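Here is the structure we will look at, set down as structure tokens.
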Amino acid sequence: MSGFSTEWLALREPVDHRSRSLALQSRLLDALARRPGAQQGRALRVLDLGCGAGSNLRALAPVLTGEQHWTLVDHDPALLLAARETMVRWASAVVDDGQPLVIDKDGRRIAITFLQCDLARELDSLLASKPDLVTAAALFDLVSADWIGRFCERVESIFYTVLTYSGSEHWSPAHAADADVLRAFHAHQLTDKGFGVAAGPGATQLMHDRFTALGFVVEQAPSPWILGPEDKSLMQALCSGSARAVAETGMVPEAELSSWLSAHRQALRCEIGHWDLLAVPPGLRAD
Ligand SMILES: C[S@@+](CC[C@H](N)C(=O)[O-])C[C@H]1O[C@@H](n2cnc3c(N)ncnc32)[C@H](O)[C@@H]1O
């Protein structure tokens with residue numbers, strides 16, 4: 001199973017939402033306005049990969065116009081259940097409590113199908129539904145370079161992914177072990193997360209190159225977490241999680257890692273780099 005707890009996802013959700021690049025989001029809206037059926041008011045079909053508890057929908061659906069049909073995909077049934085429950089609480093009103101769940105959110109009608117599926121094995125059948133938009137948040141550093149290659153070749157729609165880890169981290173105050181810990185964390189990033197050797201911080205460049213070679217118009221923008229004293233719980237959970245990952249590598253002596261962790265549990269500020277990326281297929285280019 002994924003190991004992503006609902007508590008961790010809930011903690012990061014508000015920070016994820018404020019960190020997303022608004023400039024790139026507005027480029028996405030421009031591209032969606034050119035999709036087939038947009039002028040006729042056809043409902044927008046969105047596929048959200050690795051949806052977790054549904055944070056990506058809650059960030060994006062409020063800025064999309066017209067009726068929306070979302071398919072939320074994850075392999076973890078507990079997260080899919082949490083996604084459904086959270087969506088019911090988030091809705092202005094529940095229109096139909098079935099499958100799909102149909103909600104009203106501030107006058108927008110959103111139908112949501114929750115689908116348990118392993119992306120490592122069932123990608124083709126998912127993409128066969130030919131959604132208007134394929135999206136994901138905080139997923140692509142987990143997948144492998146091979147999987148990214150296959151994914152890019154199969155996607156025919158607009159693709160928009162946010163908050164892919166970039167590999168850059170700055171903690172304040174700094175600690176003497178920062179560079180060693182980051183090196184070990186990057187080594188852990190490359191371990192198999194269910195898709196083969198993970199792409200980790202190299203994922204965005206791989207997507208960029210692959211989609212560009214396929215004729216897509218590709219843009220990317222930074223979406224760093226900039227955390228301060230008001231984000232203390234997230235910073236503490238973050239450095240504890242990083243220390244656990246680093247300990248698994250055995251690359252940093254225990255005493256050094258423990259000193260790093262206790263220092264950063266009191267950190268005043270930290271910046272974690274991410275990238276957002278938009279890829280628009282050749283048929284929907286603006287020119
Ligand atoms: C970092 S979490 C991000 C969750 C959510 N997108 C968000 O932004 O809060 C990564 C998600 O990918 C899911 N995931 C990982 N491997 C998967 C797989 N093989 N198939 C489907 N989902 C997977 C995890 O269960 C988890 O929900």
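Quick note: numbers below take in every heavy atom, side chains included, and nothing from hydrogens, waters or symmetry partners. Order of listing sets the numbers, starting from 1, for every ligand and every atom in it. Quick caveat, the model's predicted, so the values are computed rather than measured.
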If hydrogens are left out, which of [options] has an atom nearest to [atom], that is, the closest non-hydrogen atom?
| atom | options | value |
| --- | --- | --- |
| atom 23 (C) of ligand 1 | Arg121, Glu13, His75, Arg12 | His75 |
| atom 4 (C) of ligand 1 | Ala83, Gly50, Ala120 | Gly50 |
| atom 5 (C) of ligand 1 | Ala82, Ser55, Cys51 | Cys51 |
| atom 26 (C) of ligand 1 | Asp74, Asn56, Asp118, Thr135 | Asp74 |

Once you restrict to heavy atoms under 4.0 Å, what part of [X] touches ligand 1? Side chain, backbone, both or neither.
| X | value |
| --- | --- |
| Leu9 | side chain |
| Asp48 | neither |
| Ala137 | both |
| Cys117 | backbone |
| Leu119 | both |

- Would you call the rings of Phe140 and Trp147 parallel, tilted or perpendicular if under 30° counts as parallel and over 60° as perpendicular?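 Tilted.
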- Message: Distance alone, cut at 3.5 Å: any donor-acceptor contact between the side chains of Asp178 and Trp260?
- Response: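 Yes, side-chain donor-acceptor contact under 3.5 Å.
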- For His188 and Glu248, does a side-chain donor sit closer than 3.5 Å to a side-chain acceptor?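 Per modelled atom types, His188 and Glu248 side chains form a pair under 3.5 Å.
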- Please determine if Asp124 and Arg150 form a salt bridge, counting it only when a charged side-chain N lies under 4.0 Å from a carboxylate O.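 No.
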- Message: Quick test of your reading of the model: are Asp231 and Arg18 salt-bridged, counting only N-O distances below 4.0 Å?
- Response: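 Arg18 and Asp231: salt-bridged.
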- Query: In ligand 1, which numbered atoms sit nearer than 4.0 Å to a non-hydrogen atom of Leu79?
  - Reply: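 What qualifies from ligand 1 is 25 (O), 27 (O).
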- Task: Any atoms of ligand 1 less than 4.0 Å from a non-hydrogen atom of Gly52? List them with their elements.
- Result: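 Those of ligand 1 that fall under 4.0 Å from Gly52 are 4 (C), 5 (C), 27 (O).
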- Task: Output the distance between atom CG (Leu227) and atom NZ (Lys232), rounded to the nearest 0.5 Å.
- Result: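 Here the interatomic distance stands at 12.5 Å.
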- Proximity flag Leu139 to ligand 1, non-hydrogen atoms under 4.0 Å: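 Yes, that is the case, since the closest heavy atom of the residue is under 4.0 Å from the ligand.
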- Item | Side chains of Phe211 and Val217 in contact at under 4.5 Å (non-hydrogen atoms) |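 When only atoms from C-beta onward are counted, Val217 and Phe211 do not touch, as no gap falls below 4.5 Å.
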- Message: Counting C-beta onward and ignoring hydrogens, is there a side-chain heavy-atom pair between Leu60 and Tyr160 closer than 4.5 Å?
- Response: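 When only atoms from C-beta onward are counted, Tyr160 and Leu60 do touch, with a gap below 4.5 Å.
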